[in-house]
Number of protein chains: 2
Amino acid sequence: MSVEIKISLNDGLYLKEPQDSKLGRNIIKYSIILIDEFGFEVFTFKKLAEKMNSTEASIYRYFENKHMLLLFLVNWYWEWVSYLISINTMNVVDPNKKLKIIIHSFVSAPKDNPGISYVNESILHNIVISEGVKAYHTKQVDNENSKGLFGSYKSLANTVSKVISEVNPEFKYPFAFATNLFEMSNNHIYFAKHLPRLTDISIKNDDFVEVEDMLHYMTKKLLA
Amino acid sequence: MSVEIKISLNDGLYLKEPQDSKLGRNIIKYSIILIDEFGFEVFTFKKLAEKMNSTEASIYRYFENKHMLLLFLVNWYWEWVSYLISINTMNVVDPNKKLKIIIHSFVSAPKDNPGISYVNESILHNIVISEGVKAYHTKQVDNENSKGLFGSYKSLANTVSKVISEVNPEFKYPFAFATNLFEMSNNHIYFAKHLPRLTDISIKNDDFVEVEDMLHYMTKKLLA
DNA sequence: TTTAAAATGATAGTAATGCTATTGAAAATA
DNA sequence: TATTTTCAATAGCATTACTATCATTTTAAA
């Protein structure tokens, strides 16, 4: 017997809760693999259906379109990171330590954490890095935001901003810096892999220590 | 008689130099308007052709596809910002002042600069903010990068990183911070407009002072 | 000025994409 | 056992992302 956590997300993200059926869990599992493999624009429900031995129409019963599926995956990811952070910072009082743990959680967590059977968190992390920005750079962003479809990210940013303010109550931009930490982490991992002239860090064997070091360095200077 | 600067870009970005013909300049002019209006994924060459009273096929003679057109526009923007920076920092020696001018140039420049007749720089700035990340978050990034199609951005980042190192030679991450300045600027303008809970700044009447202030504040702390 | 070449327009066509609708069978539940 | 829910299978359609062909206009060179 094993205990599986189910991450619950805003139900506007899907037509039918995919985590509650085998087919739905397969959609999650294989879409992560295929989006990573093809990239989001080349990925289609048809390819996904073929991979899963199912049909396009069946997938459309769970998600309105591939954009919603991406939004679902990204929210899932941030919700999972939130969960890791809440576990790992439990009983930690020093806000500086908390912030260190937070940074470690979203930079390196996917590597050393077990997780959920139908989700490969490490590949999902790749997707968030490579495709995540597409989830909110659309013309529908205002409408989706009003329905709470970015809730997971916003609530995480809120949590982190509080810790930032604990570290230094005088710091003027706690929210901006919270989101910056996430964006910098994702961006510089991406840059290191694809546009190395845009960053100072490098990545060997999928080890993100340099990214973590950089975020700690900047945090220290900014919140001193 | 008027003097128009022509921005020259890597010729891998287009099939035929669009700045050299009326039709080509129209493609630039109207694609900026339409991408801003519809968003990049809904924008098509067919719509553009209709708007311009031309045909799809004619546009395909200039650009391989809409992705290349976006890449062209984004490069054009960064090249133009580089040009503004080089003019405005001419004869400035104090690196702190230089950095201030640089920040002002890419945050607020589109507003108070004349520019080129067939390019609405202010709308183009919007596109860079809303759609710019899609130019390099693709599966072809490595291939395109090897052809120098991100050259304008990289060379700008390089310029700025040098100024950062002048301000503080001990600072460990000059490249990362240079790109951060651009990314933060774009992100937080976008957040302020669409996801305000992710930032601390707000924007009234298209005035980006708060963004500039934030970037100055962070720069000061980081490079102190 | 003629003449060729290059640029554009007009039209058509194709394969793939992004859906929607319908039907019927299987599986779960009452 | 009856009934609702779930899913697969098939078909179909409008749009997208191109490519090809040929006629016509513009330009530039001889």
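In what follows, chains carry the letters A, B, and so on, assigned in the order in which the sequence lines appear, proteins first and then strands, with residues in each chain numbered from 1.
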Kindly indicate whether the side chain of B/Leu13, heavy atoms from C-beta on, has any atom under 4.5 Å from the side chain of B/Leu149.
yes
Terminal helix-axis angle for the helix from C/dT1-D/dA30 to C/dA30-D/dT1, with five pairs defining each axis and rounding to 10 degrees:
20°
Residues at least two apart in sequence or cross-chain that pass ring pair (Phe, Tyr, Trp, His ring centres under 6.0 Å) with A/Phe150, listed by chain then number, are none
Can you label the angle between the A/Tyr153 ring and the A/Phe182 ring as parallel, tilted or perpendicular, going by 30° and 60°?
tilted
Between B/Tyr136 and B/Glu144, does a side chain to side chain donor-acceptor pair (under 3.5 Å) hold up when you go through it step by step?
CA-CA 9 Å; B/Tyr136 57 87; B/Glu144 289 172 355; over 6 Å; no
With B for base contact, S for sugar-phosphate-only contact and - for none (protein heavy atoms under 4.0 Å), nucleotides 25-30 of chain C reads ------
Nearest 0.5 angstrom please: A/His188 NE2 to A/Met214 CE, how far?
4.5 Å
So, using ring pair (Phe, Tyr, Trp, His ring centres under 6.0 Å) as the criterion, who are the partners of B/Phe175 when residues are at least two apart?
none
Residues in ring pair (Phe, Tyr, Trp, His ring centres under 6.0 Å) with B/Tyr30, at least two apart?
none
Nearest heavy atoms of A/Asn88 and A/Ser105, plus distance in Å:
ND2-OG, 3.8 Å
Any residue of residues 67-76 of chain A with a heavy atom less than 4.0 Å from an atom of DNA chain D
none
Flag this pair as yes if the NZ/CZ of B/Lys16 is under 6.0 angstrom from the six-membered ring centre of B/Tyr62 and inside a 45 degree cone about the axis; otherwise no.
yes
I want to verify a distance call: between C/dC19, D/dA9, D/dC18, whose nearest atom is closest to the A/Tyr60 side chain?
C/dC19
Classify every nucleotide of nucleotides 20-29 of chain D by which part a protein heavy atom approaches to under 4.0 Å, writing B for the base, S for the sugar-phosphate alone and - for neither, in 5'-to-3' order.
BB--------
Does anything in residues 35-53 of chain A reach DNA chain D, meaning a heavy atom under 4.0 Å, and if so which residues?
none
Quiz question: by atom type and distance under 3.5 Å, do the side chains of B/Glu212 and B/Ser108 form a donor-acceptor pair?
yes
A/Lys66 or B/Gly24: which one's nearest nucleotide on DNA chain C is closer to the 5' end?
B/Gly24
How close or far is atom C1' of D/dA14 from atom CG of A/Asn65, stated in whole angstroms?
17 Å
So, using ring pair (Phe, Tyr, Trp, His ring centres under 6.0 Å) as the criterion, who are the partners of A/Phe40 when residues are at least two apart?
none
Please give me every residue in residues 11-21 of chain B whose heavy atoms get under 4.0 Å of an atom in DNA chain C, ordered by residue number.
B/Lys16, B/Ser21
Using a 6.0 Å distance limit plus a 45 degree cone around the ring axis, check whether B/Lys47 lies over the aromatic ring of B/Phe38.
yes
Identify whether any heavy atom of A/Tyr62 sits under 4.0 Å from a base atom; if not, whether one sits that close to sugar-phosphate; answer base, sugar-phosphate or nothing.
sugar-phosphate
Going by the angle between their ring planes, with limits at 30° and 60°, are B/His194 and B/Tyr190 parallel, tilted or perpendicular?
tilted
Please report, rounded to the nearest Å, how far the C1' atom of C/dA7 is from the CD1 atom of B/Ile27.
12 Å
Answer yes or no: does a side-chain N or O of A/Ser54 lie under 4.0 Å from OP1 or OP2 of D/dA8?
yes
Table please: side-chain donor-acceptor pairs of residues 49-61 of chain A below 3.5 Å, with sequence neighbours left out.
{"residue": "A/Thr55", "atom": "OG1", "partner": "A/Ser58", "partner atom": "N", "Å": "3.3"}
{"residue": "A/Thr55", "atom": "OG1", "partner": "A/Ser58", "partner atom": "OG", "Å": "2.9"}

Can you tell me if A/Lys46 has over 12 outside heavy atoms packed within less than 6.0 Å of its NZ?
no
Can you tell me if A/Tyr77 and A/Glu121 form a side-chain donor-acceptor pair at under 3.5 Å?
no
Sequence-distant partners of A/Tyr173, side-chain hydrogen bond (donor to acceptor under 3.5 Å, both in side chains), two or more places apart:
none
Is the shortest heavy-atom distance from the side chain of B/Leu215 to the side chain of B/Phe106 under 4.5 Å?
yes
Grab the CG-P distance between B/Leu23 and C/dA6 for me, whole Å please.
18 Å
Taking the side chain of B/Ser58 as its heavy atoms from C-beta onward, which of C/dG18, C/dT8, C/dT11 lies nearest to it?
C/dT8
Ignoring hydrogens and angles, state whether a donor on the side chain of B/Asn120 or B/Lys29 is under 3.5 Å from an acceptor on the partner side chain.
no
In whole Å, what is the span from the CD atom of A/Glu56 to the P atom of C/dA16?
13 Å
